[in-house]
Amino acid sequence: MKQIITALTLLLATFGFSKAYAQDYYDVTGRDDSTYVQKKLSRQERKALQQRIDSMQWAQAMEAVNDTAFTLEADQVIFKYGQRAYVSSSTNFVQVDKRNATVQVAFNVPVAGPNGMGGVTLDGTVTEYSVSNTKKGDITFIKLTVMGVAISSSLQITLYKGSDKAQVTIMPNFNSHRITLSGRLLPKDGSFVVKGRSI
């Protein structure tokens with residue numbers, strides 16, 4: 001499935017999927033350049049292709065959730081009172097690997113922070129893990145508790161059907177300083193993150 005998604009993603013890039021490249025062409029024959037046939041992609045075809053990719057990414061995300069081996073790579077951090085900060089998805093993430101979990105935030109600031117990357121990195125053990133869906137099945141909720149030397153938090157992940165877009169709200173058990181990370185939920189093996197120094 002990963003190969004199919006990669007191929008479709010490359011297809012989108014090649015076909016110029018944005019409005020700016022709406023007039024690009026593609027090879028419908030799969031043959032060499034001597035028999036190259038061109039055809040415009042209509043708006044409906046582009047939309048249908050994007051929906052297919054989104055659906056496959058959602059299925060891949062659900063498989064990772066059920067395997068308890070995934071990474072939520074965040075490109076936004078939302079603080080308790082709604083303030084947002086755009087961040088790098090390679091250094092801001094929640095990763096679950098069976099019974100182990102890592103929560104990391106790293107901001108673009110001059111101060112190195114405890115993890116050496118402008119934030120904190122917390123490792124812990126998953127003590128509770130449950131998956132549920134809304135009645136319509138359009139939203140999946142993943143709840144887990146992570147306990148470690150420097151972390152004791154409840155996490156709730158919300159994954160929306162039809163894409164791999166997700167949010168995780170991290171709620172410390174001993175205070176109300178919750179934080180939400182928003183981004184994409186990917187299989188752990190398909191994720192590319194940089195882990196800092198753990199507390």
Side-chain angles (χ1 to χ4, degrees), residues 1-3 5-6 9 13 54 57-58 60-131 140-160 163-199:
M1 182 174 286
K2 290 179 185 177
Q3 290 86 350
I5 291 174
T6 302
T9 303
D54 290 344
Q57 289 175 332
W58 174 79
Q60 195 174 45
M62 282 302 302
E63 185 179 350
V65 166
N66 292 327
D67 288 344
T68 328
F70 61 85
T71 304
L72 193 155
E73 295 183 1
D75 53 18
Q76 286 187 62
V77 176
I78 306 162
F79 299 97
K80 182 178 177 180
Y81 297 108
Q83 306 96 322
R84 290 175 181 261
Y86 290 91
V87 293
S88 169
S89 59
S90 63
T91 56
N92 291 268
F93 62 89
V94 170
Q95 188 169 79
V96 175
D97 186 10
K98 305 303 181 186
R99 301 294 296 173
N100 301 311
T102 299
V103 176
Q104 176 174 291
V105 291
F107 302 104
N108 221 357
V109 293
V111 181
N115 65 2
M117 303 172 72
V120 293
T121 303
L122 307 172
D123 291 327
T125 301
V126 178
T127 58
E128 297 176 28
Y129 188 88
S130 66
V131 180
T140 300
F141 300 104
I142 304 102
K143 295 181 180 179
L144 59 148
T145 301
V146 179
M147 304 289 290
V149 173
I151 184 171
S152 174
S153 297
S154 299
L155 280 66
Q156 178 169 301
I157 299 170
T158 305
L159 175 64
Y160 303 95
S163 80
D164 58 6
K165 297 193 182 307
Q167 285 190 336
V168 56
T169 299
I170 305 161
M171 298 163 285
N173 294 331
F174 303 116
N175 62 54
S176 61
H177 296 188
R178 73 172 185 269
I179 190 171
T180 299
L181 305 179
S182 179
R184 300 175 62 207
L185 195 150
L186 307 168
K188 180 179 175 291
D189 293 341
S191 173
F192 302 96
V193 293
V194 180
K195 185 178 177 181
R197 184 173 55 248
S198 301
I199 293 178

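Residue indices begin at 1 and follow the sequence shown.
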Open item on the list: Testing the basics here: between G116 and R197, what is the closest heavy-atom pair and its distance to 0.1 Å?
Closed with: N-NH2, 3.8 Å
Open item on the list: Quick check for you: to the nearest 0.5 Å, what is the distance between N175 atom CG and S153 atom OG?
Closed with: 8.0 Å
TODO: For P114 and G119, work out which heavy atoms get closest and say how close.
DONE: CD-O, 3.0 Å
Task: Donor-acceptor contact below 3.5 Å, side chain Q104 vs main chain G196 - done: yes
Task: Between CG on residue L122 and OG on residue S198, distance to nearest 0.5 Å - done: 7.5 Å
- [ ] For side-chain contact (heavy atoms from CB on, under 4.5 Å), just list the numbers for I199 and V149, CA-CA rounded to whole Å, side-chain angles, deciding distance to a tenth of an Å, and then say yes or no.
- [x] CA-CA 8 Å; I199 293 178; V149 173; 5.8 Å; no
Task: Value rounded to 0.5 Å, distance of OG1 in T145 from CG in L155 - done: 8.0 Å
- [ ] Give the minimum heavy-atom separation between S89 and V193, together with the two atoms involved.
- [x] O-CG1, 4.0 Å
Open item on the list: With rounding to the nearest 0.5 angstrom, report the NZ to OG1 distance, K143 to T169.
Closed with: 11.5 Å
Open item on the list: Are the side chains of V87 and V105 in contact, using a 4.5 Å heavy-atom criterion?
Closed with: no
TODO: May I ask you to test the F141-I157 pair for a side-chain heavy-atom distance under 4.5 Å?
DONE: no
Open item on the list: Is it the case that the side chain of K98 and the backbone of D67 share a donor-acceptor pair, with hydrogens and angles ignored and the cut-off at 3.5 Å?
Closed with: yes
- [ ] For the pair Y160 and Q167, evaluate side-chain contact (heavy atoms from CB on, under 4.5 Å) and give the outcome as yes or no after the intermediate values.
- [x] CA-CA 9 Å; Y160 303 95; Q167 285 190 336; 4.2 Å; yes
Open item on the list: I'd like to know if the side chain of N92 and the backbone of A106 have a donor-acceptor N/O pair within less than 3.5 Å.
Closed with: yes
Open item on the list: With side-chain contact (heavy atoms from CB on, under 4.5 Å) as the criterion, how do V65 and Y129 come out once you've worked through the C-alpha distance, each side chain's angles and the decisive distance to 0.1 Å?
Closed with: CA-CA 10 Å; V65 166; Y129 188 88; 3.6 Å; yes
- [ ] Could you grab the distance from atom CG of L185 to atom CG of L72, nearest 0.5 Å is fine?
- [x] 5.0 Å
Task: Side chains of F192 and T71 in contact at under 4.5 Å (non-hydrogen atoms) - done: no
TODO: Apply side-chain contact (heavy atoms from CB on, under 4.5 Å) to D164 and Q60, showing your working.
DONE: CA-CA 8 Å; D164 58 6; Q60 195 174 45; over 6 Å; no
TODO: Flag the pair T68 / V96 as yes when at least one side-chain heavy-atom distance between them is below 4.5 Å, and no otherwise.
DONE: yes
TODO: Output yes when a side-chain donor or acceptor of R99 lies under 3.5 Å from a complementary backbone atom of V126, and no otherwise.
DONE: yes
TODO: To the nearest 0.5 angstrom, please state how far the CD atom of Q76 sits from the CG atom of L181.
DONE: 10.5 Å
- [ ] State, without any angle test, whether T121 and K195 hold a side-chain donor-acceptor pair at a distance under 3.5 Å.
- [x] no
TODO: Locate the shortest heavy-atom distance separating V194 from F93; write the atom from each residue and the value.
DONE: O-CE2, 3.8 Å
